[in-house]
K.L.:
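Dumping the structure here so I can ask a few things about it.
Side chains included, hydrogens not; waters and symmetry mates left out as well; all remaining heavy atoms used. Computed from a prediction, not measured in an experiment: that's the story for all the values here.
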Amino acid sequence: MKNLRKIIGLFLIIFVAGIFVTIITVNKSLNKIDPQEKSVEIQKDTTYLLKAEKKTV
């Protein structure tokens, strides 16, 4: 009976440690802040290109 209690206790320790490690890992991955570079491409107005295209066709 004492061996059974030791086995159950060891299982519970491993189980709780696994849950603890999983929670820490998930929290680290969720709290990771990726530097996001927001860039805006500036384009000139293309109406003059459309007008030139219509003239050449």
K.L.:
So if I apply the side-chain contact (heavy atoms from CB on, under 4.5 Å) rule between Val21 and each of Ile19, Ile23, Thr25, which one comes out positive?
P.N.:
Thr25
K.L.:
Could you give the distance from CD1 (Ile8) to CG (Leu4), rounded to the nearest 0.5 Å?
P.N.:
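Between atom CD1 of Ile8 and atom CG of Leu4 there are 4.0 Å.
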K.L.:
With sequence neighbours excluded, what pairs up with Ile14 under the side chain to side chain contact (heavy atoms under 4.5 Å, CB included) test?
P.N.:
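Listed in chain order: Leu10.
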K.L.:
Who pairs with Val26 by side chain to side chain contact (heavy atoms under 4.5 Å, CB included), at least two apart in sequence or on another chain?
P.N.:
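Thr22, Leu30.
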